[in-house]
Amino acid sequence: MKPFSKRTTSLLVAAGLGLGAASSTWAAESLQDVMKRRGLSQQDLLAASKTYVPTGKRDDFIAFSSGGQSGQVIVYGIPSMRILKYIGVFTPEPWQGYGFDESSKKVLRQGNIDGKEINWGDTHHPALSETNGKYDGQFLFINDKANPRLAVIDLRDFETKQIVVNPIYKSEHGGAFVTPNTEYVIEAAQYATPLANKKFVPLERFNEEYRGGVTYWKFDRKEGKLDPKESFSLELPPYSQDLSDAGKLVSDGWSFTNSFCTERYVGGIEKGRPPYEAGCSAKDTDYMHVINWKKAAELVKAGKAKKINGHDVLMMETSIKEGILFLIPEPKSPHGVDVTPDGKFITVSGKLDTHVSVYSFEKIQAAIKAGKFESKDPYGIPVIAMQDALHKQVQLGLGPLHTQYDSKQCVAYTSLYVDSQVAKWNYCEGKVLDKLSIHYNIGHLMTMEGDSADPKGRYLVALNKLSIDRFNPVGPLHPQNHQLIDIANDKMQLLYDMPLPLGEPHYVVAIDAKTLKPGIRYKVGTDSRTDKPHPGMVRAGEEKTVRKGKNVEVFGTLIRSHITPETIEVEVGDEVTINLTNLERAQDETHGFAVSTYNVHGSIEPGKTITVKFKADKEGVYPYYCTEFCSALHLEMQGYLLVKPKGYKEVKVAAAKAVYTKADYEKQVKTNVETQAVIDSVVGYITSVNYKDFPPVVALVEDATDQLNKAGEAKAKMDEAAKTSDWQNATLWAGQWWQYQVKAADIGLRAKTFLEQNGAKKTGK
Ligand code: RUQ
Ligand code: CUA
């Protein structure tokens with residue numbers, strides 16, 4: 001037999017009728033062949049098999065990474081390290097319509113400071129909401145260091161719902177950290193400033209009038225919002241308060257904040273003074289702040305706080321008098337303060353020390369009870385002696401920064417910035433267990449749920465500040481390098497390098513994927529940013545355009561593959577408001593909406609209603625269209641905004657000539673009848689199995705039924721036109737009937753595939 005020609009073969013392959021892997025012409029490479037060709041070792045293969053997630057399979061953990069200067073949050077899966085989403089937080093994000101539709105703009109503008117629009121952030125520390133010290137998968141918080149702000153992301157839809165501005169700081173690095181039941185989100189000032197707004201104080205008055213602080217933002221879980229009225233701060237000395245952590249279990253009710261530059265040095269290189277870096281690291285120790293936040297909250301309730309910029313602040317004097325604020329020396333330029341899962345110990349690293357210091361909560365409490373203090377700081381805050389609070393000091397290496405915990409008893413991991421290493425060590429016994437080199441200069445590190453009361457172990461991610469030579473060069477600005485490390489065994493194993501090209505991610509938190517329960521669609525007509533019914537929503541058939549003077553308001557809908565209305569006519573100078581509801585129920589059927597040159601965009605997921613607003617200040621013709629490739633006729637999902645000159649007079653235009661004939665009409669009808677046979681067979685299959693046991697399929701069936709009802713309406717219009725031999729309109733309506741059939745068939749096939757893959761059973765009917 002003559003072999004297939006190359007062309008015939010490729011046609012067969014394209015049609016899904018290829019000869020399979022056994023074909024001798026393209027015998028599959030063996031594993032050995034691939035290893036040889038790509039220069040892979042056994043170790044590489046082992047690493048690959050630990051991270052590879054085959055198509056259709058999912059990751060075990062979901063990581064939420066700060067997006068650094070991008071002001072966003074990055075979501076990725078572990079162990080695959082596949083990026084799943086960027087969440088718009090402090091910066092406009094067009095894909096999600098964030099900052100381009102009205103209700104998301106409102107969220108973004110909550111972040112205005114003194115009336116100024118701020119369109120970026122320096123996100124640092126994401127924190128997941130907790131219940132009893134364990135991640136509950138409901139909310140994510142993240143701070144902006146540059147402009148002291150905090151944002152709330154709802155994990156039902158991964159959207160930013162709120163931004164609050166810290167009322168008394170000008171920067172804030174040490175947030176977000178939650179208390180064990182998310183009663184409060186903790187945020188600490190970084191660079192001391194006068195607390196009162198817009199108050200100038202010369203640097204010479206630094207010690208007297210500049211202040212730091214820690215803020216406790218009250219979280220209302222039911223509303224999913226931070227409540228500024230119930231939030232408060234502690235005034236603190238002008239030390240650079242850095243990171244915080246909340247106590248848990250035995251230490252619940254307390255929080256810990258490290259600091260640097262307790263020298264209170266103010267630089268002035270231009271005046272011949274030594275620079276900050278010298279002045280801020282002169283002393284051998286800085287201070288850990290120990291705060292009884294539960295008692296602080298009671299004091300605020302009892303009216304002991306002072307209002308600064310309308311915000312409750314417990315002044316140092318009060319905190320000292322009431323015995324809720326203490327200091328403990330910590331070694332040279334400390335960084336990181338991490339409470340152990342059992343709440344008994346607090347680990348602090350010294351950037352310029354080779355040790356980590358492990359403090360005992362029990363010893364701290366004993367010293368406080370006994371009133372045993374070695375001194376007071378210049379502001380009168382009692383100082384507990386280091387040796388009275390210390391459990392262990394362990395020498396790890398150069399530049400220790402952050403610590404996370406394992407599911408294994410007493411096991412911790414600390415990043416060594418200068419050494420470019422991860423140290424695995426035992427905090428109970430104070431000994432080093434293992435070290436692993438990373439690439440390069442690690443900042444934070446993160447184990448699975450490793451800052452909660454219930455760490456899951458298994459993987460560690462090293463957040464490396466420099467990638468240098470790890471990736472293909474892309475110019476002088478390099479991506480960051482997140483390295484995945486296997487920590488399941490005694491020896492750590494480096495598995496994978498992931499470039500992160502969206503700002504400098506500072507910290508990441510990862511949660512067991514099973515704990516997250518995000519939604520698939522909104523209840524029809526939902527404003528996602530407020531989680532309330534949207535006043536601009538309409539159902540199919542209720543679409544309308546309302547004019548009131550210069551204001552034109554459109555109430556429209558979106559469903560594959562059309563936007564209703566298809567034309568919007570306004571006069572130049574009109575204020576245009578367009579409300580759009582996505583009527584789809586099918587999973588992943590998002591439509592986007594953009595109007596040429598008016599700088600508006602919406603992402604309208606199934607059930608969502610959005611609003612875009614603009615002034616039609618330029619006469620002309622502006623196409624609008626759907627920006628998501630949602631269906632075969634996505635490109636036809638279009639319309640025109642007609643901005644007419646003032647006082648424009650309509651001109652009568654003759655109707656277009658008919659182009660379709662009876663033959664065209666009959667041809668289309670034949671296609672439709674054939675398509676119906678396909679649909680009937682799919683419906684036959686679905687109804688022959690227990691599809692009602694699968695909620696996603698039930699939703700798809702509803703959606704398909706919708707489309708078929710519409711097909712019926714189009715067919716009725718077709719019949720009417722055909723009755724009068726109006727072949728032009730009869731053909732067009734036959735085409736529309738077919739459009740609905742195609743969509744119904746598409747949904748039906750999706751349902752069928754789902755049922756087949758999820759073990760649907762014949763019902764015997
Ligand atoms: S801290 S520099 Cu998380 Cu190491 Cu921001
Ligand atoms: Cu809807 Cu494209």
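Both counts, for ligands and for their atoms, begin at 1 and track the order of listing. Start at 1 with the first residue, then count along the sequence.
- In this structure, Asp122 has no salt bridge (Lys or Arg N to Asp or Glu O under 4.0 Å) partners at least two apart in sequence or on a different chain.
- Geometrically, Lys424 does not engage Tyr413 in a cation-pi contact defined by less than 6.0 Å to the ring centre and at most 45° from the axis.
- With atom 4 (Cu) of ligand 1 as vertex, His335 NE2 and His402 NE2 subtend 90°, rounded to 10°.
- Listed by chain and number, the residues in a disulfide (SG to SG under 2.5 Å) with Cys626 amount to none (sequence neighbours excluded).
- Using a 4.0 Å cut-off between charged nitrogen and carboxylate oxygen, Asp703 and Lys743 do not count as a salt-bridge pair.
- Note on ring orientation: taking the six-membered ring where Trp is involved, the planes of His562 and Tyr740 are perpendicular (angle over 60°, cut-offs 30° and 60°).
- A donor and an acceptor atom, one from each side chain of Asn166 and Glu187, are located under 3.5 Å apart.
- At a cut-off of 2.8 Å, measuring from atom 1 (Cu) of ligand 2, the protein N, O or S atoms that fall short of it are His591 ND1, Cys626 SG, Cys630 SG, Met637 SD, waters left aside.
- Ordered by chain and number, His124 ND1, His173 NE2 make up the set of protein N, O or S atoms under 2.8 Å of atom 5 (Cu) of ligand 1.
- The six-membered or imidazole ring of Trp293 lies near that of Tyr184, with a centre-to-centre distance under 6.0 Å.
- Considering CG of Asp157 and NZ of Lys608, their distance stands at 7.5 Å, rounded to 0.5 Å.
- Under the side-chain contact (heavy atoms from CB on, under 4.5 Å) test applied with Tyr640, the options Ser596, Pro623, Pro565 reduce to a single match, Pro623.
- Residue Phe593 holds its CZ atom at 6.0 Å from OH of Tyr624, rounded to the nearest 0.5 Å.
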